Protein chains: 2
Amino acid sequence: MDIQTVILGFLMTHNMTGYDIRQKFDMSFGFFSGLSFGSIYPALKKMEQNSLITTQFVVQEGAPNKKLCTITDKGREFFQESMRTPLPVDKYKNSFMARLFFFAHLAPDERREMAMAYMDSLEHTQEKLRESEPVIRKHADPFQVLCFESGLRFTEDLKKNIADVLEALEDPGV
Amino acid sequence: MDIQTVILGFLMTHNMTGYDIRQKFDMSFGFFSGLSFGSIYPALKKMEQNSLITTQFVVQEGAPNKKLCTITDKGREFFQESMRTPLPVDKYKNSFMARLFFFAHLAPDERREMAMAYMDSLEHTQEKLRESEPVIRKHADPFQVLCFESGLRFTEDLKKNIADVLEALEDPGV
DNA sequence: TGCTGCATGTAACTAGTTACATGATTGT
DNA sequence: ACAATCATGTAACTAGTTACATGCAGCA
């Protein structure tokens with residue numbers, strides 16, 4: 001899903017600034033993909049030029065002024081169309097799997113260490129997910145909760161997968 | 001893992017042309033990531049300039065001439081170093097999950113259709129994996145086989161995950 | 001006659017990233 | 001005094017993609 005569609009998806013329900021979008025994204029969508037200011041602001045600019053959104057300058061006291069973005073009818077149409085394009089076939093990109101592919105060139109100890117370090121990083125990810133769980137259950141819609149639960153399960157499955165790999169690495173025949 | 005490291009990884013065991021690399025990649029690594037000629041050839045050029053590889057022009061009859069690439073000592077060092085850099089934390093990018101996140105804006109029928117279409121594409125992926133299985137078991141090293149098996153399992157787990165989502169979508173409360 | 005395989009390469013494009021620049025306010 | 005939060009934006013860079021250009025050999 002491209003950045004424009006994601007932004008429009010957020011604007012479907014609330015008017016937001018670029019800063020708000022970043023925050024919302026980080027909280028709810030952050031384990032799927034990242035979104036930096038360096039991509040948000042240029043995207044908003046382009047979207048305004050294409051009349052997918054309008055912006056309203058809001059003067060604030062005690063905080064910097066801001067630009068509140070509102071989705072237009074054209075923007076809603078764009079979002080709906082983009083939501084209905086066929087899904088691409090995903091590649092199962094995974095940094096550890098890419099390493100594993102060339103494990104023959106590492107020493108047995110290094111292999112185990114690397115697999116264990118990856119397992120640790122998965123546990124860390126899981127912890128962070130659990131921390132954000134109450135906020136999501138409270139503020140997200142049922143599909144977003146479903147999405148979150150799938151993310152949890154995804155991580156859990158991957159951990160089991162890596163545990164199996166670790167076991168195989170202990171086998172002196174490998 | 002960047003493209004240079006992957007290419008060097010292949011060259012660790014065999015001298016190859018850009019064309020060979022593409023083929024090998026597609027067969028064994030293709031479900032993790034893609035590699036097009038448009039990135040292979042510029043990468044090889046850069047690697048030769050940086051003395052990570054040397055190339056040898058091979059004149060052929062009945063087939064186009066080719067450039068056989070050989071890894072240098074510097075290339076081996078580069079590969080070993082790169083294999084030992086800390087693994088980045090992966091994002092769980094998944095086109096269907098990104099859609100699911102905004103399912104509130106689709107009609108119930110559309111939601112189910114999309115989930116089922118994604119399930120079909122996963123089954124298609126699995127079929128292709130099973131087709132390449134005998135070739136991999138025969139030619140790949142034990143770690144690459146482990147990698148392949150993890151890929152199979154990954155797909156299987158994802159299918160179960162999506163099946164759960166589909167079930168939740170049938171619930172009239174969602 | 002036209003498709004597939006072998007083989008290399010460039011040009012234009014897509015889609016992001018990080019680092020930098022600016023600057024007020026609030027909490028420690 | 002220093003960091004964090006709010007807030008917007010640009011510039012240089014990274015890392016790839018697709019489409020195009022070339023051209024011979026072998027097969028149906």
Side-chain angles (χ1 to χ4, degrees), chain A residues 1-8 10 15-27 29-30 32-50 52-69 82 85 88-91 93 95 98, chain B residues 1-8 10 15-27 29-30 32-50 52-69 82 85 88-91 93 95 98:
Chain A
M1 187 128 70
D2 72 306
I3 192 178
Q4 288 193 36
T5 306
V6 174
I7 291 175
L8 290 172
F10 284 124
N15 295 341
M16 286 180 171
T17 66
Y19 195 84
D20 294 337
I21 290 166
R22 169 88 204 258
Q23 288 227 311
K24 192 112 183 181
F25 195 89
D26 263 15
M27 273 200 313
F29 211 85
F32 291 120
S33 117
L35 202 50
S36 63
F37 288 129
S39 47
I40 291 174
Y41 288 115
L44 287 174
K45 196 178 177 181
K46 193 180 160 194
M47 287 157 79
E48 194 180 8
Q49 280 163 4
N50 294 332
L52 302 179
I53 61 167
T54 56
T55 63
Q56 191 189 342
F57 199 76
V58 179
V59 178
Q60 295 188 118
E61 274 172 60
N65 299 331
K66 62 184 182 182
K67 271 169 81 176
L68 199 62
C69 303
S82 150
T85 55
V89 177
D90 295 311
K91 298 277 178 185
K93 287 191 186 176
S95 62
Chain B
M1 189 131 68
D2 73 305
I3 192 178
Q4 288 193 36
T5 305
V6 174
I7 291 175
L8 290 173
F10 283 123
N15 295 342
M16 287 181 171
T17 66
Y19 195 85
D20 294 336
I21 290 166
R22 169 89 204 259
Q23 288 227 310
K24 191 112 185 181
F25 195 89
D26 263 15
M27 274 199 314
F29 210 86
F32 291 120
S33 124
L35 203 50
S36 63
F37 288 128
S39 47
I40 292 173
Y41 288 114
L44 287 174
K45 197 178 176 180
K46 194 181 160 194
M47 287 157 77
E48 194 181 7
Q49 279 163 5
N50 294 333
L52 303 179
I53 60 167
T54 55
T55 63
Q56 189 188 345
F57 199 76
V58 179
V59 178
Q60 294 190 119
E61 273 172 62
N65 299 331
K66 62 183 183 182
K67 271 170 80 176
L68 200 62
C69 303
S82 150
T85 56
V89 176
D90 294 311
K91 299 276 177 184
K93 287 192 186 176
S95 62

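Here is the naming used below: chain letters follow the sequence lines, and residue numbers restart at 1 for every chain. All of these numbers come straight from a predicted model, not from anything done at the bench.
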(Q) Rounded to whole Å, please give me the gap between OH in B:Y19 and P in D:dT22. (A) 19 Å
**Q.** Separation of D:dT14 C1' from B:K46 NZ (nearest whole Å)
**A.** 9 Å
Q. Between D:dG16 atom C1' and B:I21 atom CD1, what is the distance in whole Å?
A. 16 Å
Q.
So A:D2, base contact, sugar-phosphate only, or nothing? Heavy-atom distance under 4.0 Å.
A. nothing
Q: Locate the shortest heavy-atom distance separating B:T5 from B:S82; write the atom from each residue and the value.
A: OG1-OG, 2.7 Å
Q. Which heavy-atom pair separates A:K93 from B:F32 by the least distance, and what is that distance?
A. CG-O, 2.9 Å
Q: Quick one: label B:Q4 by what it contacts on the DNA or RNA (base, sugar-phosphate, nothing), any heavy atom closer than 4.0 Å.
A: nothing
Q.
With a 4.5 Å cut-off on side-chain heavy atoms, are A:T55 and A:F57 touching?
A. no
Q. Any side-chain N or O of A:T17 less than 4.0 Å from the OP1 or OP2 oxygen of D:dC6?
A. no
Q: In whole angstrom, give the distance that lies between atom CE of A:M16 and atom C1' of D:dA7.
A: 15 Å
**Q.** Along DNA chain C (nearest heavy atom to each residue), the more 5'-positioned of A:L35 and B:P42
**A.** B:P42
Q: Classify the ring geometry between A:Y41 and A:F37 as parallel (under 30°), tilted (30 to 60°) or perpendicular (over 60°).
A: parallel
(Q) From C-beta outward on B:Q23, which listed nucleotide comes closest to its side chain: D:dG16, D:dT10, C:dC6? (A) C:dC6
(Q) I need a per-nucleotide contact map over nucleotides 18-28 of chain C, read 5' to 3'. Cutoff is protein heavy atoms under 4.0 Å; write B for the base, S for backbone only, - otherwise. (A) B----B-S---
Q) Would a 4.5 Å heavy-atom cut-off, applied to side chains only, mark A:N15 and A:D20 as touching? A) no
Q | Nearest heavy atoms of B:V58 and B:L68, plus distance in Å | A | CG2-CB, 4.2 Å
(Q) Whether B:K67 contacts C:dG9 is assessed here as follows: a side-chain N or O lying under 4.0 Å from the phosphate OP1 or OP2. Is that the case? (A) yes
Q: In whole angstrom, give the distance that lies between atom CD of B:Q60 and atom P of D:dG26.
A: 12 Å
Q. Between atom CG in A:D26 and atom C1' in D:dT5, what is the gap in whole Å?
A. 14 Å
(Q) Side-chain N or O of B:K45 versus OP1/OP2 of C:dT10: is the shortest distance under 4.0 Å? (A) yes
Q. If you look at every heavy atom in B:L44 and B:G18, which pair is closest and at what distance?
A. CD1-CA, 3.7 Å
